[in-house]
Structures are given as C-alpha cells and as structure tokens.
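Scroll down for the structure; my scribbles are underneath it.
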2 protein chains.
Amino acid sequence: MAVTLDAPRFKHKVAVIGSGNWGTTVAKLVAENTREHPDLFEEDVQMWVFEENVVIASDSPHYDPAVGDAPQKLTSVINTHHENVKYLPKIRLPSNVVANPSLLDTVKDTSILIFNLPHEFIGSVCKQIRGHILPSARGISCIKGVTVTEDKVELICDYISETLGIYCGALSGANIANEIANELWCETTIAYNTPPCDRRTEIGAAATNGGQDQQHRDSRGAVSKVQLTPLSRDYPPIDHAELRKLFDRPYFTVSMVSDVVGVSLAGALKNIVALACGFIEGHGWNMTAKTAVMRRGMLETIQFCQEFFPETIQEMTFWESAGWSDMIVSCTSARNWRCSKLAVERGVSVYEVERTELNGQKLQGISTTKEVMSFLRGRGVENKYPLFKAVEGIVDGTFKVENIPVLFRH
Amino acid sequence: MAVTLDAPRFKHKVAVIGSGNWGTTVAKLVAENTREHPDLFEEDVQMWVFEENVVIASDSPHYDPAVGDAPQKLTSVINTHHENVKYLPKIRLPSNVVANPSLLDTVKDTSILIFNLPHEFIGSVCKQIRGHILPSARGISCIKGVTVTEDKVELICDYISETLGIYCGALSGANIANEIANELWCETTIAYNTPPCDRRTEIGAAATNGGQDQQHRDSRGAVSKVQLTPLSRDYPPIDHAELRKLFDRPYFTVSMVSDVVGVSLAGALKNIVALACGFIEGHGWNMTAKTAVMRRGMLETIQFCQEFFPETIQEMTFWESAGWSDMIVSCTSARNWRCSKLAVERGVSVYEVERTELNGQKLQGISTTKEVMSFLRGRGVENKYPLFKAVEGIVDGTFKVENIPVLFRH
Ligand SMILES: NC(=O)c1ccc[n+]([C@@H]2O[C@H](COP(=O)([O-])OP(=O)(O)OC[C@H]3O[C@@H](n4cnc5c(N)ncnc54)[C@H](O)[C@@H]3O)[C@@H](O)[C@H]2O)c1
Ligand SMILES: NC(=O)c1ccc[n+]([C@@H]2O[C@H](COP(=O)([O-])OP(=O)(O)OC[C@H]3O[C@@H](n4cnc5c(N)ncnc54)[C@H](O)[C@@H]3O)[C@@H](O)[C@H]2O)c1
C-alpha cells in the first residue's frame, strides 16, 4: 500500500561552473534533463562563464550588421543566440542554459554544483565561492587530474569538498566533448559515495540524524574533516538514481559507482600511460606493443590505488568507462599521446614539442608523471612502478624508449 | 648444500604442427630458443608442412634459373632457403627449423607438440597422429577459437587433450605474426595448468606416483577423462619456467598463467565483440563508442566464463595480453572488425562481405556468434548476454545497429 507523503518543497537548482568545451557540453545535456525531470530539477541551468569579449565573424549566422565587428560579451552572445561561439561553436544549446558572468550569482541557492574547468582554475574558483554556497549543496567534479605533492595525493573532489565543506563526487569517462555535443553516443562513469546523512532508506521517513553519528568518510576511507550539513528533506534526494536522471542521455550512458578514488585516479594516471604509448608508437612499434604498455600502465594504476587508498578502492572501477575505455581513447587520440609520439619521431624532447606545438599550454601528462614519481620516491617505492618511472626517465632523457620491453622481462 | 643429481637423460624434442603465417613465426622463435637452451631442448625444431607446390618468382633472391618456373615442394624450398616463401615471405628462418611433409615423422619422439593451424584442420590432424605420439608428450595450442555446439563448449586444448590423451595448454595474445616475425616487440599469454603428475616439487626426488592419486582436472575443473601418462624423469620438467624458456624472446614477452579456460575463451569470444565494434564504426560512431562496446563485450565474456567454468576461471586472466590487449587489437585492425565495418558502410549483410571480400574464406566471428548464441539459448540464458545477442541479430538482419546504445540503458 502506497504511503502518501509530502512532496519536497523545493526542486534542485543546478549550475555548471565553467563553460569551456566540456563545460558547455555538460551544461547542454544537463539542461535537456532538467526539462525532462521537472519533478526533481528547476528547469534553468546556470552556467558560469569566465567573461570575455568575442567578435562575431561576418559569415556567421549570428552576425548582426548593426553590431558589426564590435566585440561583444560572450555571455550575452550565448544567451541571445544559444551558442557558445568560442568554446563549442555550431552547437545549439537549449534555451534553459543561462550564461552567467557572476560566479557568486551562479552559485546562489544552487543545490547541485557541477565543476567543469581546466584543473588550474579550480583553486581560485573555490576560494571565491567559499561561504557563498548553500551549506547542503552537493558537487560533481568533471575535472580530470589530481594534485600530487611529495607528501600527498589529493583528489580534486576532496579539494572541493574540503574547501567548500560539501560532499563532491566525480564524473569521468572516455568522453570527447565535441562528439557528445553532436550527440554521438558514448558512455561515462559517475562516482558518488552518497554520504550517510543524505541516505533516505525509507522514503518519507524523518530525516536521519544529520550525520552526527553516521560519519562521512573521505576518499581515503578516513573519517572526513568536513562536517557535512545534511541535505534538507525540503529537497528531493541526491543519490545514484537522481544523478543518473541529471546526466544520462540517450547519447550519453551513465554508469554509477561509489569509488571516487578509483575514478579520479584512473582519469589522472592514464596521462602517464598515454605518454608511454606515444613513445612506443613514435619509435615504430604498433598496436600490439601499445596494448602491452596500456595493460602494464593499468596494472600500475590499480597498484597505486590499492597501495595508497586500500580502504575505498574497488577493482571493478577499472572496468568502467573511466577505467579501460578512457585509457584506450587517451592512448590513441589525445594530446599527451600525440605530443610524445611526435617527440620520438622528431628526435626531440617532449618539452620541446610542448613548447613548439601547444601555444603556451602545458602537457598534463608531464606534470602528473613528475608529481606521481616524486610522491613515490618520497615513500621509497618508485621501483615498484617501473613503467611510470620509465616515462619520467624518457621525459628527462635518462631512459631510452627502446628499452621499454626490458621492463617486461621476468 | 646442493644435492648432486643425475641430469635427465633426454632433452625435449619440439615440433610445430602447422606452417602458416603464425605457425612459421612460432617455429622461428622457438628454434631461436632451443639453440639458447641446449640443456633443455634438442636444437632442431620439426615443422610440419601441409605439402604443396610453389613457384619461385624470377625476381626472388631464391630464384634458380636451372629450376625456372617449375613448381617446387614447399618443404624443400624452406629447407634450402630457410624461408617460407608462401606463408612468411622475406623472413629468414633459423636453419634448425626443419620443414617436414610427414605428419607422423614430425611427431615421432616429440615431447612438446605446438599446434598451430587454422581451426578447421585440427580434427583431421589429431586423428592422424593419435596413437603415434609419445604418451607423455605435452601440447600447447596456438589456435584461437573454441568449438561450441548446442550442448557444450569445447576448448581446442581440451579437444586435443581428449583426442590424443595428453595434457595441452594454450598460447594466445595480442599477436600479429608478421610483426613478430620482424621482431617488433609485443607480448603474449601462455596458459598451462601443469598436471599434478608432472609437478616436481623437490628437484630430483623420486617421481611422484604417476597421477594415480593426484587427479588431473580438465578445464571445467572436473576430474579429467584423460588418464595422463606422467612426464618421465628422463626428461627435464615442463612447467611455467621451461615454457617461458621455449617461447619468450626479447621481442616476444611471455606471461604465464594457469587459467586455460579464460585464455581460450577470451581468444574466441573477442571475435563476437570485434564484429560489434565494426558495426559501431561502420555506423559512424567513434572510438569512444567503440570502447563502450569493448568494455561490455569483455564483461559478457567474463560472465560467460564464470557461468560455465566457475571452478577454474581467474578474473586476472582478462588483464593479460590474451584478455584486454587481444580484445583491443582485434577490435581495431583484424578481419572480423574490418568486414563488419564494411558491411554497415555498404549497407549489405556481413555474409555478403564475406562472400565478396574473403576469397572463399569464412569469418570466424560469424560462426562463433551463432554457436555461442545457440549454446546460450539451449540453456535459456541468452538474454543475459545482450551484446552477443545483438551481434547475432545484426548478422541476421533482425536487430538494428543504431539500437546498440539501447542495450546500455538502465
Ligand atoms: N574537452 C573534452 O573533450 C573533455 C572531456 C572530458 C574531460 N575534460 C576535462 O574538462 C575540464 C575542462 O576542459 P575543457 O576542454 O572544457 O577546457 P577548455 O580549454 O575548453 O576551457 C577553457 C575554459 O577556461 C576558462 N578560463 C580561462 N581563463 C580562466 C580563468 N582565469 N579562470 C577561470 N576560467 C578561465 C575559459 O573561459 C574556458 O571556459 C578539464 O579538466 C578536462 O580535462 C575535457
Ligand atoms: N596470423 C596471425 O597473425 C595469427 C596470430 C595469432 C593467432 N593466429 C591463429 O593461428 C592459427 C593459424 O593461423 P595462420 O594465420 O597461421 O593461418 P594461415 O592462413 O597463414 O595458414 C594456413 C595453413 O593451413 C595449411 N593448410 C591448408 N590446407 C590444409 C589442410 N587441408 N590440412 C592441414 N593444413 C592445411 C596451409 O598449409 C597453411 O600452413 C589460427 O587459429 C589463427 O587464429 C594467427
């Protein structure tokens, strides 16, 4: 017999923090879903735009002769033409994606924050919004990468969580923004370990006692430093089912897991392996050699996760899109792979390729390799990760690509 | 304190049964190793050649004006010029690879039999040599594929084992014969579950009691129907270390496992997945969609192994070269993938492509799909394998490629 319950008073207000290639794509698909689930979400999705001026070319359908070549605000172009002409050109956005140049206005009253910016900007964004968000907001980070220093590995989700005092999960997978924006099907993984204070085991039962005695654990499995404010019963729950409703599209299949560490680290460490694969192919080896290196890279990734996050890691995570699938795509077509391949083909260092080919941008694989190796060295375990170590050696010119097979000797 | 022992009286005599592209390549690398390990192996490696006549082209370095265009026996060309001009042209074979047109002479006194022929010839070969081999011989099958009928799945190794009354392991991996013949590095997996009667835990101890009370188990984990003749103490042992010495080369890294079922089934079922990936790419989806299908295909493969061989399967097998690596290569460059991609691009059936493109040869993926599905249907579990089922449906024209993403819905 169904129990009649009071419906939650509020719906979730969703915002995307960031509006690059991937941020705009995620705003599009999320906005399609808020329209399809008006019971759970407010229709409008705020998208924070790092404001800049753009000039609309005269051959663009958005060109206005009255404006001509005069620079216009990117936010107003997006809100007028429903297209992010700079970061996701030629893709029509749903009209409920609302570009907002004010970070504080974007996050105001927002209950679900989707972080989607290049790694290097997350620190300043978090500092700006700290204290200005709903204390019971929840986050999903779409940012790949981790921050590794000599003495710790910090997941971006944990950084967000600790800086803002909210729980934050991670979205990662074999995803290429432009393809998804064009609704070419692929899948992704969302890791979200619903905090105990948010769990509603009996629908409509009185709110659980606020996380006081149900301790929220961080990614390492330790009791979190963050004292969570439970999600109010005035809002619908945020758990795997609701997150799937927010992100899953017919062209974007979401698979939900709880292992935030595995998803985050797989998304970061694959960049080391992608460099290795570029070296391998640059040297003239083929696909068969590359798969050997990917396999070894995956085994070192899992070993890393199990060594430093033994409490929370789940081996099945690496079978997800965020695991093998992302590894394969990153080792076949992404930037780290392309640059390291070029370096060997040209007989120059990857730094040289980074300088000449990337227009001032940095190769994430290089910094990840350096940071991970210095972390491992700090613990005296660098020799347990021979492939990672070899990549560092090749980057620095102290290990020869042709010696990679020697690492596989018994 | 070292115990002085009688060295084994004999060395292992090694033969390769089959001399196609892969058979000749394996004969080459094995012959390099028998030379390097004269303590374990006789130097000469017999290679059985299905005899045929070949004509040496006048621009070949092996052309002899005295012979001219007259057909010559392939075996004598191989033994004279140390090149398999038909199946592995331009690769110099070590002179200790001895081509032999007589199957019975090839296997005579042979203690290690390496089976390397197309799937369809193994039955007749086994029938011919039954009763003519050393009862204590041991086998390694390099043949990919399984024989599935409505009521059973039979591994090629088990077929060999039961037909000949010997133990047989499997070699499989992301291997392309021509690359390995050119000594381009890759790796492989050998599965060998050393029978209890062959195990020598204390070197030089009296022979174990002959397998009478140490039952040899077949791939299903059941006590084998095959009553093994233990390997005589007059021979060196055959275990992981020795097999590695026989197959591992600086350009061919061997990893040893015990899970014969996992290695064999991964090598066979990947052909179903390769068809699926070709369909996906033929339809215009990219790498990201393909990795989703590969991942799902791998999960169904593991599920299949666990459902029907629960006693013996080891999940780590799928992390080996015979698992993920071979899957990736087969879904990126091999024949099943190429033909199914072509079928969708041209808007015709795979049967049509098979007929027009393959010169009378058959697409292994089609028969594997059909056989596996009829086996699953016989057990009423076909719906637990939605991707395999969809591949069958696409092959038969009853399922549409564009509906593959629907299989991934929750
Ligand atoms: N693009 C993809 O296909 C893809 C896919 C999966 C994951 N990702 C991840 O998503 C994240 C974002 O990548 P992207 O491709 O959208 O990046 P992008 O290069 O397209 O976006 C750059 C963004 O940074 C903003 N920006 C510039 N200066 C800034 C500043 N000082 N402060 C704040 N913002 C500033 C720009 O306005 C722009 O929105 C990355 O972590 C990336 O790894 C990207
Ligand atoms: N070629 C590769 O790169 C590769 C790699 C890994 C595994 N394999 C597997 O190795 C096995 C052999 O493949 P291959 O590529 O060497 O085949 P192939 O097509 O090169 O060889 C055909 C062989 O079959 C022989 N043959 C023809 N008619 C015969 C008959 N009636 N009886 C017996 N033999 C006959 C021919 O003499 C020739 O030696 C297959 O199971 C294949 O899946 C091949």
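Note that the coordinates shown come from a computational prediction; the quantities given were computed from them, not determined experimentally. In what follows, chains carry the letters A, B, and so on, assigned in the order in which the sequence lines appear, proteins first and then strands, with residues in each chain numbered from 1.
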Determine, for A:Arg295 against B:Glu187, whether the closest basic-nitrogen to carboxylate-oxygen distance falls under 4.0 angstrom. yes

Region of [X] in contact with chain A, defined by heavy-atom distances below 4.5 Å:
X	value
B:Asp326	neither
B:Leu407	neither
B:Ile280	side chain
B:Met298	side chain
B:Val254	backbone

When only pairs under 4.5 Å are counted, which of B:Val406, B:Ile180, B:Ile404, B:Leu184 shares the most heavy-atom pairs with chain A? B:Leu184

Looking at A:Pro250, A:Pro405, A:Ala289, which makes the most heavy-atom pairs under 4.5 Å with chain B? A:Pro405

Picking from A:Phe318, A:Trp324, A:Phe408, which has the most non-hydrogen pairs under 4.5 angstrom with chain B? A:Trp324

Could you check A:Thr288, A:Thr332, A:Ile328 and say which one makes a side-chain contact (heavy atoms from CB on, under 4.5 Å) with B:Ile328? A:Ile328

Non-hydrogen atoms of chain B under 4.5 Å away: do they reach the side chain of [X], the backbone, both or neither?
X	value
A:Met316	side chain
A:Leu299	side chain
A:Arg296	neither

Return the minimal non-hydrogen interatomic distance between A:Ser325 and B:Ala292, and the atom names on each side. OG-N, 4.3 Å

Validation row: [X], [Y] side chains within 4.5 angstrom (heavy atoms):
X	Y	value
B:Trp319	A:Glu315	yes
A:Glu179	B:Met287	no
A:Asn286	B:Ile176	no
B:Trp285	A:Tyr251	no

Checking an interface table here. Which of residues 262-275 of chain A come within a heavy-atom distance under 4.5 Å of chain B? none

Measuring from B:Met327:CE to A:Thr291:OG1, what's the distance to the nearest 0.5 Å? 12.5 Å

Apply side-chain contact (heavy atoms from CB on, under 4.5 Å) to A:Glu281 and list each qualifying residue two or more places apart in sequence or on a separate chain. A:Lys290, A:Trp337, A:Lys341

